[in-house]
Amino acid sequence: MLVESHPRSQAAPPEPTPRGRNAVRAAGLFAAVGALLLVAVASVAVGARQIPLDQVWHGLFHFTGTDTDVVVREVRVPRTLLGVLAGTALGLAGAVMQALTRNPLAEPGILGVNAGAAAAVVSAVSFLGVTSVGGYVWFAFLGAAVVSVLVHALGGSRAATPVRLALAGTAVTYALYGYVNSVQLMDSAALDRMRFWTVGSLASASMDVIRQVGPFIAAGVLLALALARPLNAVALGDDTARALGTSPVRTRVLAMTAVTLLCGAATAACGPIVFIGLIVPHLVRSLTGPDLRWILPYAAVLAPVLLLGADVIGRVVTRPGELQAGIVTAVVGGPVFIHLVRRRRMAQQ
């Protein structure tokens with residue numbers, strides 16, 4: 001007698017426990033820190049000028065004032081440190097903006113925040129004669145804050161959709177960069193001082209610049225990380241957030257304060273570098289899930305990896321010249337942004 005055989009059902013692998021997921025996330029975060037250390041070493045060791053590794057080591061730990069020692073200690077080390085600070089600031093700002101607006105396309109460059117800071121800085125340099133980072137960083141904060149409110153209003157405030165916000169941010173960005181270019185063309189001195197800054201570059205890094213913007217970025221980082229739990233609660237809706245003991249209004253105000261500090265300081269130091277805050281949070285969410293207690297630390301570590309990597313590529317591909325990091329990130333980020341917009345439109349059809 002023939003008996004019908006049934007294939008054995010294969011049991012699905014058990015879901016990892018919360019403790020197991022956290023262990024995996026922690027291991028991934030340590031790996032990200034390792035990647036940051038590696039790219040930081042590459043940023044110090046590799047540049048437009050080829051320097052043997054033994055001379056790089058000598059410049060770091062046995063400084064004697066030779067030309068190569070000066071390049072390593074006074075050019076590449078500050079450049080690397082500024083890349084870490086600015087990358088962390090932009091990555092965290094993007095993650096906080098996406099969580100705050102519930103908009104996966106939110107990013108300081110796309111929503112015009114960087115452009116607002118850039119327009120304010122160029123105005124301060126051209127019309128008020130401000131020349132130091134410590135002087136015009138306050139204008140960067142003001143420009144970033146004003147444009148954040150303006151784009152949110154143009155996008156429809158509470159009725160804003162991700163695409164409407166992106167369109168409003170793009171329109172404001174183009175208008176402000178038109179203003180920036182006009183000011184620079186009319187003021188040749190401002191053009192000479194700002195021509196590399198306006199495309200986003202780490203080339204003007206120095207320890208003095210780091211000392212001037214470092215405290216603002218540190219304050220923004222601490223505030224952003226402290227908002228992880230409140231932003232998680234707000235993501236569930238205002239009523240649920242209040243039930244969990246979180247004030248949505250206070251959380252939004254503090255989050256915009258953090259974004260303003262991070263974007264204003266980073267833009268004042270490096271110029272408007274785009275797409276860092278868009279690419280990194282999307283990558284991080286695919287690794288950690290939606291929990292901001294993990295998204296924010298990951299973004300703070302992986303964003304400088306991307307920025308320093310772009311800076312190293314820009315210094316190598318056009319030797320002995322240099323391609324600014326902002327151009328490299330724009331080349332990489334543009335196709336990513338188009339892909340995300342198309343994917344969201346297809347999902348909404």
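Starting from 1, each residue takes its place in the sequence as its number.
To the nearest 0.5 Å, the span separating CG on Leu306 from CD1 on Ile276 amounts to 3.5 Å. The line from CG of Leu82 to CE of Met207 is 10.0 Å long, rounded to the nearest 0.5 Å. Residue Leu227 holds its CG atom at 10.0 Å from CG of Leu292, rounded to the nearest 0.5 Å. Remark: Leu81 CG to Arg211 CZ distance equals 11.5 Å, nearest 0.5 Å. How far CG of Leu244 is from CG of Leu236: 6.5 Å, rounded to the nearest 0.5 Å. Between atom CG of residue Asp311 and atom CG of residue Leu308 there is a gap of 6.5 Å, rounded to the nearest 0.5 Å.
With hydrogens and angles disregarded, a donor-acceptor distance shorter than 3.5 Å links the side chain of Arg73 to the backbone of Leu60. Using modelled atom types, no side-chain atom of Thr246 and backbone atom of Arg242 make a donor-acceptor pair closer than 3.5 Å. In this structure, the side chain of Gln212 does not engage the main chain of Ala265 through any donor-acceptor pair within 3.5 Å. In terms of modelled atom types and a separation under 3.5 Å, the side chain of Glu107 and the main chain of Phe275 share a donor-acceptor contact. With hydrogens and angles disregarded, no donor-acceptor distance shorter than 3.5 Å links the side chain of Arg315 to the backbone of Gly47. Using a distance-only test at 3.5 Å, with no hydrogens or angles considered, a donor-acceptor pair links the side chain of Ser123 to the main chain of Ala119. Side-chain atoms of Thr288 do not come within 3.5 Å of backbone N or O of Trp294 as any donor-acceptor pair. Looking at Thr267, its side chain never comes within 3.5 Å of a backbone N or O of Gly264 through a donor-acceptor pair. Between the side chain of Tyr298 and the backbone N or O of Arg25 there is at least one donor-acceptor pair closer than 3.5 Å.
For Ala205 against Arg79, the heavy-atom pair with the smallest separation is CB-CA, 3.5 Å. Nearest heavy-atom pair across Ala310 and Thr329 is CB-CG2, 3.7 Å. Closest heavy-atom contact between Asn114 and Pro272: CB-CB, 3.9 Å. Heavy-atom minimum distance, Ser148 versus Val113: OG-CG2, 3.4 Å. Listed here is the closest heavy atom pair of Ala32 and Leu302: CB-CD2, 3.6 Å. Among all heavy-atom pairs drawn from Pro304 and Ala299, the shortest one is CD-O, 4.1 Å.
Side-chain atoms of Val72 and Trp57, non-hydrogen and from C-beta on, never get closer than 4.5 Å to each other.
Taking the six-membered ring where tryptophan is involved, the planes of Phe141 and Trp138 are perpendicular, since the angle between them exceeds 60° and thus also 30°.
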Step by step, work out the side-chain contact (heavy atoms from CB on, under 4.5 Å) result for Asp69 and Thr66. CA-CA 5 Å; Asp69 288 353; Thr66 64; 3.1 Å; yes
Decide yes or no on side-chain contact (heavy atoms from CB on, under 4.5 Å) for Met256 and Met97, but give the supporting numbers first. CA-CA 8 Å; Met256 287 311 303; Met97 289 181 73; 5.7 Å; no
Between Leu231 and Arg293, does a side-chain contact (heavy atoms from CB on, under 4.5 Å) hold up when you go through it step by step? CA-CA 9 Å; Leu231 285 172; Arg293 292 174 298 175; over 6 Å; no
Under the criterion side-chain contact (heavy atoms from CB on, under 4.5 Å), I'd like the reasoning laid out for Phe139 against Val125: C-alpha separation, chi angles, the key distance, then a yes or no. CA-CA 10 Å; Phe139 292 91; Val125 171; over 6 Å; no
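Enclosure of atom OH in Tyr174 is not indicated, since only 12 or fewer non-hydrogen atoms of other residues, nucleotides or ligands lie within 6.0 angstrom. Counting non-hydrogen atoms of other residues, nucleotides and ligands closer than 6.0 Å to CZ of Phe30 gives a total of 12 or fewer. Residue-environment remark: CZ (Arg250) stays at or below the threshold of 12 foreign heavy atoms within 6.0 Å.
A donor and an acceptor atom, one from each side chain of Asn232 and Arg229, are nowhere located under 3.5 Å apart.
The pair Asp67-Arg49 does not meet the salt-bridge criterion, since no charged nitrogen lies less than 4.0 angstrom from a carboxylate oxygen.
In the hydrophobic clustering of this structure, Leu254 does not group with Leu261; members are Ile, Leu, Val, Met, Phe, Trp, Tyr whose side-chain heavy atoms approach within less than 4.5 Å, directly or through other members.
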